[in-house]
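Worth saying up front: this structure is predicted, and the values here are computed from it rather than measured. We name chains A, B, ... by the order of the sequence lines, and we start the count at 1 in each one.
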Protein chains: 4
Amino acid sequence: MKSPRERIVEITFELFAKQGYNSTGINQIISEAEVAKASFYQHFKSKEDLCVEFLKVRHEYWFGELNHFIAKEKSLKSKIINAFDFLVYMNEKENFRGCSFLNILSEIPMDNTKILSVIQSHKADLRNFFLELLDDNEFSDHVYMLFESSIIESQLFKSNELIEKSKKIVTNLIQ
Amino acid sequence: MKSPRERIVEITFELFAKQGYNSTGINQIISEAEVAKASFYQHFKSKEDLCVEFLKVRHEYWFGELNHFIAKEKSLKSKIINAFDFLVYMNEKENFRGCSFLNILSEIPMDNTKILSVIQSHKADLRNFFLELLDDNEFSDHVYMLFESSIIESQLFKSNELIEKSKKIVTNLIQ
Amino acid sequence: MKSPRERIVEITFELFAKQGYNSTGINQIISEAEVAKASFYQHFKSKEDLCVEFLKVRHEYWFGELNHFIAKEKSLKSKIINAFDFLVYMNEKENFRGCSFLNILSEIPMDNTKILSVIQSHKADLRNFFLELLDDNEFSDHVYMLFESSIIESQLFKSNELIEKSKKIVTNLIQ
Amino acid sequence: MKSPRERIVEITFELFAKQGYNSTGINQIISEAEVAKASFYQHFKSKEDLCVEFLKVRHEYWFGELNHFIAKEKSLKSKIINAFDFLVYMNEKENFRGCSFLNILSEIPMDNTKILSVIQSHKADLRNFFLELLDDNEFSDHVYMLFESSIIESQLFKSNELIEKSKKIVTNLIQ
DNA sequence: CATGAATGAGACTTCATTCAT
DNA sequence: CATGAATGAAGTCTCATTCAT
């Protein structure tokens, strides 16, 4: 059996992604991780602390999956297009749960800078991901914003329709 | 003094928009609205019910403000551009609180169809708003998605930078 | 059955006096008072709040008992002497638990001014009790201090010995 | 660097005197003493055990300071008076924290005989201190009790007023 | 239509102590 | 003798909702 800390992180990964931050209580986490409550607090100063850890793990996971997903593509253009396909893949896999980072952004008080900055940093990385591929600040942000909308709108409408539309738009722009 | 129901709705309007759904308790609402608890439940079956009412009021308010904001513009193009300026205006006014609808989307359990459908309907109306202006399904959705990102990214980074960028992009596209 | 609030106050009265402030948890109080946890917090904002209420009730009770105990005495001198006998009576009744006010004084952080001032006010009243009887500021404080020591030393040694000694001293001084 | 045991005892000395028994956790002690948890339990069976050690150290310290403080005085009378000045000195030094022994008396369950007897023994020594100086059982206890009140009342009112009053009373009695 | 007491189920957190390494 | 992860039990407090008046 894995260490309590590992079990906590794993379960948190699942639950925060599936149910969100506020809907997931410490009690559920420790009960599903089969860990004593005090063991939890040995490793994490607070729920907020756990949230930061979760976002870090999620960050690694998400970019890992994304890079893996587009790795097989050769051309720049198809890499970009595949990034959108990655969203479809994730929606299928995670049942249109949207972006964990943006979801938590909505769930925390606006003045929680500790968590906010982790989220900002994740999105800054994503913005940079497109910048490095496209090497044109304005166009890369254009794609980034269509990408962001794609995530949100597919979460909202439980449908990949607008992802596909974005793909088409980007395809046309990218010539 | 206004009726209890009106007072509840008004206070809820302020509090949900400012603090979010989960961070606003029934107790705060009834105390600030100076209404008895059971009077509250006379008018609203549950907090969820109140949320639906809030979203409806917010919908009216938001589109009202938007239409008023762009009414003075004559040309189609400047109407669109001004819609983005409206976001800047709202951010200033509401301190980068983002979109109430998307925020609540993140705060509720995924299977809450009652609230979900109100949010979907609001965004469908917004999508239609651009469609009616632009009369081109693909292009209007393109603008819609940049508009949505603009809201979210400005909330995330507490900055209007990407709204301005979107404006520039749209300006170029719209020729 | 009495109201929840009454039951809480009664049980608290017993438990704080018997076990002290820190050793008595909210859980024990509500379980013995057969009250829901949230009912408790309907009536008392916090444990500190309950403590203030307890001290007020205790204040009334303690002075009530004291005055009743010495009421039968005619002469000033015998009233004073009987006040010390009251301590013996209370020790017997409450098993040498000492002064609730001084006990709590030791249990709270030094900067808790809310509770501190209630304790100070109780002791100021006691000091005044002797002043009104004796009408001589220095002598009344002398008696007050012997009275205070009597309480503490009898708590410490679980014995009325020093109360009796104080009685003798005061008797001799009072001629 | 001193031995772990010494470091524990030193830190405990500071913390128990400053914050009290219940407000000082084992974790704070070991962290400030820079000692491993199990090392702590190597040396002390329990927190209660540590408390006993603390009281012993405090006993030595307190009487050491007291005796040193009054050593310079020649006459019996001025030794007694100076004992009261010692209380003023300690209040200034320790910010009206009162008597560590009486504070802990209030913080422990009444049936904790192990700690109780250490406290009793300390106060018996103090009572004896006055007896040896004054050689008159009744008068020495009279002074002892004024001394005890002086400590407590100055803790309660954060003021040396009643110490000064006691000094005056004792001065008059002592002729 | 108004009142506010009462509630069950949960929230998050900390305590002193033990144990495997 | 040192380390720090793991623990059970308990801590205080808040939630949306119901009910008797």
Side-chain angles (χ1 to χ4, degrees), chain A residues 1 3-8 21-31 33-51, chain B residues 3-5 7 21-31 33-51, chain C residues 1 3-8 22-31 33-51, chain D residues 3-5 21-31 33-51:
Chain A
M1 200 180 199
S3 83
R5 190 182 209 282
E6 284 173 300
R7 298 204 304 278
I8 291 168
Y21 178 63
N22 284 311
S23 305
T24 306
I26 297 290
N27 284 334
Q28 189 185 5
I29 290 171
I30 63 164
S31 117
E34 296 181 84
V35 161
K37 203 168 279 192
S39 304
F40 173 87
Y41 281 95
Q42 193 95 31
H43 295 290
F44 301 98
K45 233 176 59 264
S46 63
K47 195 187 179 187
E48 186 189 324
D49 229 57
L50 177 65
C51 184
Chain B
S3 83
R5 191 180 207 283
R7 297 205 303 278
Y21 178 65
N22 282 310
S23 304
T24 305
I26 295 289
N27 283 327
Q28 191 186 2
I29 291 171
I30 62 163
S31 118
E34 297 181 79
V35 161
K37 196 164 285 187
S39 304
F40 172 86
Y41 281 96
Q42 200 90 29
H43 295 292
F44 300 98
K45 219 173 79 267
S46 65
K47 195 187 179 186
E48 188 191 325
D49 232 56
L50 177 64
C51 184
Chain C
M1 202 178 195
S3 84
R5 192 182 207 281
E6 284 173 301
R7 299 204 304 276
I8 290 169
N22 282 310
S23 305
T24 305
I26 297 290
N27 284 332
Q28 190 185 4
I29 290 171
I30 63 164
S31 118
E34 296 181 83
V35 160
K37 201 167 284 190
S39 304
F40 173 87
Y41 281 94
Q42 193 94 33
H43 295 289
F44 301 98
K45 231 176 60 264
S46 64
K47 195 188 178 188
E48 187 190 324
D49 229 57
L50 177 65
C51 184
Chain D
S3 83
R5 190 180 208 282
Y21 178 66
N22 282 311
S23 304
T24 305
I26 295 289
N27 283 329
Q28 190 185 4
I29 290 171
I30 63 162
S31 118
E34 296 181 81
V35 161
K37 197 164 283 188
S39 306
F40 173 88
Y41 282 96
Q42 200 90 29
H43 294 292
F44 300 98
K45 220 171 79 269
S46 64
K47 195 187 181 188
E48 187 190 326
D49 232 56
L50 177 65
C51 184

Please give, in whole Å, the distance from [N] [atom2] to [X] [atom1]?
X      : N       : atom1 : atom2 : answer
R5(A)  : dT7(F)  : CZ    : C1'   : 18 Å
L50(D) : dC15(E) : CG    : P     : 15 Å
R7(B)  : dC1(E)  : CZ    : C1'   : 12 Å
E6(A)  : dA5(F)  : CD    : P     : 13 Å
I30(C) : dA6(E)  : CD1   : P     : 14 Å
F44(C) : dT12(F) : CZ    : P     : 14 Å

Which ranges of DNA chain E pair up as stems, where a stem means three or more consecutive Watson-Crick or G-U pairs with both distances under 3.5 Å? E:2-21 with F:2-21
Please report the closest heavy-atom contact between [X] and [Y], naming both atoms and the distance.
X      : Y      : answer
R7(B)  : E34(B) : NH2-O, 2.9 Å
I30(B) : A36(B) : CG2-O, 4.5 Å
S23(D) : Q28(D) : O-OE1, 4.3 Å

Taking for each residue the nucleotide of DNA chain F with the nearest heavy atom, is it P4(A) or Q28(C) whose nucleotide lies nearer the 5' end? P4(A)
Rounded to the nearest 0.5 Å, how far does OG of S46(A) lie from CD of E48(A)?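 With rounding to 0.5 Å, CD (E48(A)) is 5.0 Å from OG (S46(A)).
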What's the separation between atom CD1 in I26(B) and atom OG in S31(B), rounded to the nearest 0.5 Å?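 Going from the CD1 atom of I26(B) to the OG atom of S31(B) covers 12.0 Å.
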Using the P atom as the point on both nucleotides, what is the distance between dT21(F) and dC1(E), in whole Å? 23 Å
Checking contacts here: which listed nucleotide (dG8(E), dT3(F), dA5(F)) is nearest the side-chain heavy atoms of A36(C)? dG8(E)
First of E34(B) and S23(D) reached from the 5' end of DNA chain E, by closest nucleotide: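 Nearer the 5' end of the strand: E34(B).
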Quick one, I8(C) with L50(C), criterion side chain to side chain contact (heavy atoms under 4.5 Å, CB included). Give me CA distance, side-chain angles, the key distance, then yes/no. CA-CA 9 Å; I8(C) 290 169; L50(C) 177 65; 4.1 Å; yes
Please test K37(A) against N27(A) for side chain to side chain contact (heavy atoms under 4.5 Å, CB included), starting from the C-alpha separation and ending with a verdict. CA-CA 8 Å; K37(A) 203 168 279 192; N27(A) 284 334; 2.7 Å; yes
Is any side-chain N or O of H43(C) closer than 4.0 Å to OP1 or OP2 of dA6(E)? yes
Does S39(C) make a side-chain N or O approach to OP1 or OP2 of dA6(E) shorter than 4.0 Å?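 No, S39(C) has no side-chain N/O under 4.0 Å of OP1/OP2 on dA6(E).
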Do we get K47(B) above Y41(B)'s six-membered ring, with its NZ or CZ under 6.0 Å from the centre and within 45° of the axis?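 The answer is no; the distance or angle limit is not met.
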When you check every protein heavy atom under 4.0 Å of nucleotides 16-21 of chain E, what one-letter string (B, S, -) results, 5' to 3'? SBBB--
Among all residues two or more places apart in sequence or in another chain, which pass the ring pair (Phe, Tyr, Trp, His ring centres under 6.0 Å) test with F40(A)?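 With neighbours one apart ignored, the set is F44(A).
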